[in-house]
Amino acid sequence: MEEINELILQRKKKLEELRRLGIDPYGRPYEITHHASEIHEQFKDWDAERLERENITCSVAGRIIAWRSFGKAAFSHLQDFTGRIQVYFRKDVLKDKYSIVKKFDIGDIIGVRGKLFRTKTNELTLLVEDFDFLTKSVRPLPEKWHGLRDVELRYRQRYVDLIVNPHVKETFIKRSEIIKFIRDFLEGEGFIEVETPMMQPIPGGATARPFKTHHNALGIDLYLRIAPELYLKRLLVGGFEKVFELNKNFRNEGISTKHNPEFTMLEFYVAYKDYNFLMDFTEKMLTELVKKIHGTLKIPYGDEVLDFTPPWKRFSMFEAMKMYGVPEEVIGDYEKAREWALKEGIDVKDAFTLAKVLDEIFKEKVEPYLIQPTFVIDYPVELSPLAKRKKDAPELVERFELFIAAREIANAFTELNDPEDQRQRFMEQMKAREMGDKEAHLMDEDFLRALEYGMPPAAGEGIGIDRLVMVLTDSHSIRDVILFPQLRPER
RNA sequence: GGGCCGCUAGCUCAGCUGGUAGAGCAGCUGACUCUUAAUCAGCGGGUCGGGGGUUCGAAUCCCUCGCGGCUCACCA
């Protein structure tokens with residue numbers, strides 16, 4: 001995309017002038033002694049006299065983000081990954097080389113070396129004694145006060161967003177810390193990280209529509225996975241007792257502030273445990289995570305304060321519904337439930353069973369109010385074709401969902417390991433699919449074969465990492481926690 | 001996919017009931033060796049998202065297409 005723009009032409013002209021002066025505008029490695037924040041950290045308590053006396057020389061490299069020039073001297077701020085540092089150029093120090101300084105533009109990347117001092121206003125500053133030109137920037141950056149506001153540009157040109165909007169970088173650093181913490185925590189608990197197919201012949205493990213692709217050499221269609229679940233459970237059959245996978249899933253559905261077509265999911269499985277164990281485990285893992293990231297268990301989210309202090313509330317799905325005003329008789333009767341839902345203005349036109357109607361009512365009447373961390377447990381079997389039935393209530397399964405800030409953050413259950421029951425559940429899903437439910441699960445004979453070899457009793461959980469990061473970074477769109485969210489191509 | 005809102009200079013934004021497209025920052029030229037939204041003087045910069053229509057005349061009104069945001073529906 002070659003555009004003719006006066007500002008770009010001016011900068012390209014300066015680039016040629018640099019070449020004429022013998023400067024490589026796209027430079028070489030540069031040896032630094034400090035990052036910007038390290039200088040501030042190390043010398044924050046040093047006053048002007050001490051800096052003068054001890055004659056500290058250091059070198060930093062970064063992008064010029066501010067420029068104030070006075071003819072024979074200039075102040076600038078350099079920005080590196082860690083922060084900003086003021087630097088000071090003087091003609092009497094740099095002599096002939098000062099003519100190059102005059103060619104600098106905001107956005108250029110340079111390396112500087114010199115003495116630290118404090119200005120009249122006490123700002124820690126580097127008096128440049130020598131510098132190397134490292135990279136010419138031929139495109140003008142957004143302006144210094146307002147930065148880049150246009151959300152479309154922020155997502156399309158995330159590189160610019162990252163340069164000029166500091167909190168964006170902080171969010172993604174936090175994201176990295178969150179993921180690292182989870183990996184470390186699970187490994188500390190004896191879990192093994194595995195990688196299972198992203199391209200699957202039968203997309204399973206979730207109710208969702210997949211992306212389809214094609215393998216030429218094999219001559220088969222494949223699907224980008226909607227979940228790794230069925231493969232991870234095959235590993236339980238194979239003898240793994242604690243496994244996890246932390247990677248992307250793909251779902252061919254709408255895009256919204258809570259949905260990106262590719263998103264990051266943690267799934268982990270533990271043999272010989274049930275969903276009660278997972279609730280305690282999740283509470284422990286997330287509590288420690290929040291403490292690590294925020295240093296406290298009470299964190300802001302929009303206008304709310306989320307309090308992660310354990311123990312978290314635990315209600316059954318039906319209890320929760322009653323608590324939020326759903327009449328008891330509605331919960332046990334399809335016709336009554338449907339009637340009540342319609343009266344309340346809830347869309348149940350595609351809900352042909354009691355469980356589906358109750359699910360709709362729950363989403364409308366309960367979910368929006370689950371601000372504080374809350375486990376909702378014991379779901380209808382029909383909504384959970386891979387979960388084990390409750391012993392004393394076989395129409396329910398041992399399953400929980402964790403809600404935080406009215407978002408489903410985790411979904412977990414005691415795994416169904418009876419191959420005959422599993423086959424029945426698949427059959428029912430096939431029936432639903434024939435009725436037009438495009439998201440119903442597909443029959444997976446190989447998975448059933450694996451169960452027939454025997455999968456130990458186990459519990460498994462999925463945690464939506466992007467949503468968790470949203471909650472922990474006070475982000476209100478999933479696009480703010482995904483570096484390059486999916487957009488329509490530019491035209 | 002539906003509804004609402006937006007798209008004007010590199011960036012952030014004005015532009016009224018249709019009448020010669022503006023500001024700030026950034027840029028260019030000049031002055032200036034402790035500034036930090038530096039200052040002072042001068043200058044340049046536009047397919048007003050694209051296309052079509054109405055009109056003597058359209059950034060402005062109408063139609064259409066594109067891209068985005070919010071929201072509803074589906075989902076995690």
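Note on naming: letters A, B, ... go to the chains in the order of the sequence lines (proteins, then strands), and numbering restarts at 1 for each one. All figures in this text were calculated on a predicted structure; none of them were measured in a lab. Hydrogens, waters and symmetry mates are skipped; everything else that's a heavy atom, side chains included, is used.
Side chain of A:L148, nearest nucleotide from B:U12, B:C70, B:A76: B:U12.
Taking the six-membered ring where tryptophan is involved, the planes of A:F426 and A:H441 are tilted, since the angle between them lies from 30° to 60°.
Counting any heavy atom pair closer than 4.0 Å across all strands shown, A:N122 reaches no nucleic acid atom. Contacts of A:F403 with the nucleic acid, taken as non-hydrogen atoms under 4.0 Å apart, are absent. Within 4.0 Å of A:K438, counting heavy atoms only, lies no atom of the nucleic acid at all. Backbone-only contact: A:E439 has heavy atoms under 4.0 Å from sugar-phosphate atoms and none from a base. In this structure, A:L153 reaches the sugar-phosphate backbone alone: every heavy-atom distance under 4.0 Å involves primed, P, OP1 or OP2 atoms, never a base. A:R154 comes within 4.0 angstrom of no nucleic acid atom, judged by non-hydrogen atoms across all strands. In this structure, A:K363 reaches the sugar-phosphate backbone alone: every heavy-atom distance under 4.0 Å involves primed, P, OP1 or OP2 atoms, never a base. At a threshold of 4.0 angstrom between heavy atoms, the contacts of A:G147 are confined to the sugar-phosphate backbone, with no base atom among them. In this structure, A:R149 reaches the sugar-phosphate backbone alone: every heavy-atom distance under 4.0 Å involves primed, P, OP1 or OP2 atoms, never a base.
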Intra- and inter-strand pairs of RNA chain B in dot-bracket (Watson-Crick or G-U wobble, both distances under 3.5 Å; | for another strand): (((((((..((((.....[..)))).(((((.......))))).....(((((..]....))))))))))))....
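Checked by distance alone, A:E143 brings a side-chain donor or acceptor within 3.5 Å of a matching partner on the base of B:G24. Counting atom types as modelled, A:R90 pairs a side-chain N or O with a base atom of B:U33 as donor and acceptor under 3.5 Å.
Inspection of the A:Y88 and A:Q86 side chains reveals no N or O donor paired with an N or O acceptor under 3.5 Å.
Comparing the C1' positions of B:C67 and B:G50 gives an interatomic distance of 11 Å, to the nearest angstrom.
Annotation: proximity of residues 64-86 of chain A to RNA chain B (heavy atom, distance under 4.0 Å) is found for A:R68, A:S69, A:F70, A:G71, A:K72, A:A73, A:F75, A:H77, A:Q86, numbered in ascending order.
Salt-bridge formation is detected for the pair A:E54/A:R50: a Lys NZ or Arg NE/NH1/NH2 atom is positioned less than 4.0 Å from an Asp or Glu carboxylate oxygen. Contact check on A:K356 versus A:D437 returns a salt bridge, with a Lys/Arg side-chain nitrogen under 4.0 Å from an Asp/Glu carboxylate oxygen.
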